[in-house]
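Treat the numbers as computed from the prediction; the structure is a model and nothing was measured.
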Amino acid sequence: MLELMDSRLIIIIVGLLIGLSKGGVGGPISVGLALPLLTQTMDAKLAVGLVLPLLIVADMFAMRFYWKQWDEAAIRLLLPMAVVGVVLGIVALNFITGDALKRVIGVFSLVVIAYRLLSNRLTQVAYTHRPWHGQFAGWMGGFASTLANVGGPPITAYLLLQEVSPRVFIGTVTLFFTIVNLLKVPGYLLLGRDVFDINAFLSIAWVIPLIPVGVWLGRKIIGWLNPKVFEWVMLAFLLYSGLSLLFG
């Protein structure tokens, strides 16, 4: 009974974290923490597949808040190579084992931490934009998102260097990952029950109503809570989860 309660609590936290990330709180940290948590209750490949519909639900609510507040030029530059990244990610996901994927997720978790610690310095870099920067970021974002649902760091790092406004920043990230997540659906379905099991999804579908609550909380928490405190707490949990996946 205790193990069942722990599993349900983890799923609740995962749903809220996904909602918070789309509401503007935690960003890649919140999403990056959700997947390692879910791997505590199921195989890593299955966890990757089951997070996807939860992300898509959250994307739909986030799109409502940030509709047409994106940088169209950035989207046009990022998306073509993101499609290539999605295809390569599907291929990699087909061949990787669940244990190996846990290690990959652990590495990506540490990359998210490194990105967040260094991101403030990105705005201080003397930077000259080149189109291939966006293309490379799009490829990395599509690949990492498909393999482990953690494509945020390359996309957000790229956009930080473009000096867009906060709302345009969030709107561009929201639209990019809404499209990428929808592109991943056919590939995940083709990979079969190892990645997406409809019965396993139905067993956690009860958490879906909590996702818009998380989105709403994310928008409210920005005004209630010191964002730095929240991010440092999330980083600490993410560090623990990433190291556990790597060495557990």
Side-chain angles (χ1 to χ4, degrees), residues 18-32 52 55-89 108 111-112 114-185 211-212 214-216 218-223 227-228 231:
I18 289 173
L20 284 170
S21 72
K22 301 299 182 178
V25 172
I29 301 171
S30 296
V31 174
L52 179 59
L55 288 171
I56 290 173
V57 170
D59 286 334
M60 297 301 105
F61 285 94
M63 285 289 289
R64 177 176 176 271
F65 291 123
Y66 298 105
W67 182 250
K68 292 187 176 180
Q69 296 185 55
W70 47 74
D71 184 330
E72 291 187 9
I75 291 294
R76 286 196 297 269
L77 188 60
L78 291 165
L79 273 179
M81 288 304 294
V83 175
V84 177
V86 169
V87 172
L88 293 176
F108 276 132
V111 168
V112 170
Y115 150 76
R116 189 62 194 94
L117 294 177
L118 296 173
S119 61
N120 289 336
R121 297 186 181 183
L122 289 175
T123 56
Q124 302 169 12
V125 174
Y127 173 69
T128 302
H129 180 264
R130 297 286 186 271
W132 71 266
H133 298 168
Q135 293 163 353
F136 181 73
W139 176 82
M140 283 295 296
F143 180 77
S145 179
T146 304
L147 191 61
N149 288 310
V150 284
I155 302 303
T156 50
Y158 171 75
L159 291 175
L160 279 174
L161 291 170
Q162 309 313 308
E163 298 183 355
V164 297
S165 70
R167 291 194 71 83
V168 171
F169 179 95
I170 298 174
T172 304
V173 171
T174 298
L175 177 60
F176 176 84
F177 283 108
T178 297
I179 296 171
V180 166
N181 286 334
L182 291 173
L183 288 173
K184 288 152 54 177
V185 172
I211 293 175
V215 176
W216 177 81
R219 291 174 60 82
K220 291 294 183 181
I221 284 174
I222 292 175
K228 292 294 182 183
E231 288 195 3

Exercise. If every non-hydrogen atom of G89 is compared with every non-hydrogen atom of L147, which pair is closest and at what distance?
Worked result: O-CD1, 4.2 Å

For this session: For side-chain contact (heavy atoms from CB on, under 4.5 Å), just list the numbers for L79 and V83, CA-CA rounded to whole Å, side-chain angles, deciding distance to a tenth of an Å, and then say yes or no.
Result: CA-CA 6 Å; L79 273 179; V83 175; 5.5 Å; no

Exercise. Out of curiosity, T174 OG1 to R64 CZ, how far, rounded to the nearest 0.5 Å?
Worked result: 14.0 Å

Seminar exercise, completed: CZ of F176 to CG of D71, rounded to nearest 0.5 Å, is 13.0 Å

Seminar exercise, completed: Rounded to the nearest 0.5 angstrom, the OG1-CG distance for T178 and L182 is 7.0 Å

Problem set entry | W139 and F143 aromatic ring geometry - parallel, tilted or perpendicular at 30°/60° bounds | parallel

Exercise. Which heavy atom in Q135 sits nearest to a heavy atom in M81, and how many Å separate them?
Worked result: O-CB, 3.2 Å

Exercise. Rounded to the nearest 0.5 Å, how far does CG of L78 lie from CH2 of W70?
Worked result: 14.0 Å

Problem set entry | Closest heavy-atom pair and its distance - V180, V86 | CG1-CG2, 4.0 Å

Exercise. If every non-hydrogen atom of A58 is compared with every non-hydrogen atom of I211, which pair is closest and at what distance?
Worked result: CB-CG2, 3.5 Å

Problem set entry | Gap between atom CG of N149 and atom CG of L55 - 0.5 Å precision | 5.0 Å

Seminar exercise, completed: OG1 of T172 to CD1 of I75, rounded to nearest 0.5 Å, is 5.5 Å

